[in-house]
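This report refers to the structure that appears directly beneath it.
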Amino acid sequence: MNINSRDHHLKNIRPEVSSAQIFEATSSIEAFQNGVLRPILKFQNNLLVQLFLSRIHLKNQTSEVVRLEEKQKLITNQFKTNTTLKQLLLGCVIGLLTVEEFEFYKTNSSSLNKRIFSMLKDRLIDQWP
């Protein structure tokens with residue numbers, strides 16, 4: 001499979017995210033977030049949630065957290081201290097970038113990583129079983 005074919009397939013499997021709009025005044029970082037990252041996160045959602053839950057179980061932490069504040073604290077703590085988990089989750093997102101998108105990501109990785117982890121935290125909080 002050549003690069004163009006791979007990129008074409010990657011773009012075709014991404015779901016549409018109707019709330020992720022891009023306007024003329026939208027910055028390139030925000031446009032990338034809405035046009036690329038949000039669809040990838042939506043596509044990978046079930047895997048990302050299961051990866052997170054399985055990794056915290058491996059660390060003998062419970063997913064039987066009832067209160068929203070406790071969920072937020074646990075998720076935030078994992079993102080601060082568990083670099084292996086962060087890199088695993090990040091790889092699930094970066095692996096679905098096209099070559100051109102990856103070039104943009106490389107030059108803006110610090111800002112984009114913050115956005116990716118922020119969106120991931122929100123997804124994990126909202127979808128914790």
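Throughout, numbering of the chain's residues begins at 1 and tracks the sequence.
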Return yes if a side-chain donor-acceptor contact under 3.5 Å exists between R123 and N45, otherwise no. yes
Parallel, tilted or perpendicular: rings of F117 and F79 (30°, 60°): perpendicular
Taking the side chain as C-beta and beyond, is there a heavy-atom pair between S111 and K114 under 4.5 Å? no
Side chains of N108 and F32 in contact at under 4.5 Å (non-hydrogen atoms): no
L90 CG to S109 OG distance, which is reported to the nearest 0.5 Å: 9.0 Å
Within-4.5 Å side-chain heavy-atom neighbours: Y105 and V36: no
Report the C-alpha distance between D7 and E100 in whole Å, list the side-chain angles of each, state the deciding distance to 0.1 Å, and finish with yes or no for side chain to side chain contact (heavy atoms under 4.5 Å, CB included). CA-CA 9 Å; D7 290 354; E100 181 181 340; 5.5 Å; no
How long is the gap from CZ on F102 to CD1 on I94, to the nearest 0.5 Å? 6.5 Å
Taking E101 for its side chain and T98 for its backbone only, find out whether a donor-acceptor pair lies under 3.5 Å. yes
Check for a donor-acceptor pair, side chain of Q44 on one end and backbone N or O of C92 on the other, with a separation under 3.5 Å. yes
Can H8 and N4 be counted as having a side-chain donor-acceptor contact under 3.5 angstrom? no
Please examine the side chains of Q33 and M119, heavy atoms only from C-beta on, and report whether any two atoms are closer than 4.5 Å. yes
Using modelled atom types only, decide if a donor and an acceptor are shared between the side chain of K121 and the backbone of I75 within a distance under 3.5 Å. no
In terms of heavy-atom contacts, L97 and R6 come closest through O-NH1, 3.1 Å
Identified side-chain contact (heavy atoms from CB on, under 4.5 Å) counterpart of L48 within the set L41, L88, L53, L124: L41
Approximate separation, where rounding is to 0.5 Å, of E69 CD and L74 CG: 13.5 Å
Does F104 form a side chain to side chain contact (heavy atoms under 4.5 Å, CB included) with I29? I'd like the steps, not just the answer. CA-CA 9 Å; F104 183 83; I29 298 285; 4.0 Å; yes
Can you establish whether the number of heavy atoms outside E103 located under 6.0 Å from its atom CD is more than 12? yes
Measuring from atom NZ of K80 to atom NZ of K86, what distance do you get when rounded to the nearest 0.5 angstrom? 10.5 Å
Would a distance-only check, ignoring hydrogens and angles, find a side-chain to backbone donor-acceptor pair under 3.5 Å from T76 to K73? no
If you measure from CD on Q72 to CD on E70, what distance do you get to the nearest 0.5 Å? 10.5 Å
Any sub-3.5 Å donor-acceptor pair from T81's side-chain atoms to N77's backbone N or O? yes
Could you measure the distance from the CZ atom of R55 to the CG atom of L85? Nearest 0.5 Å is fine. 6.5 Å
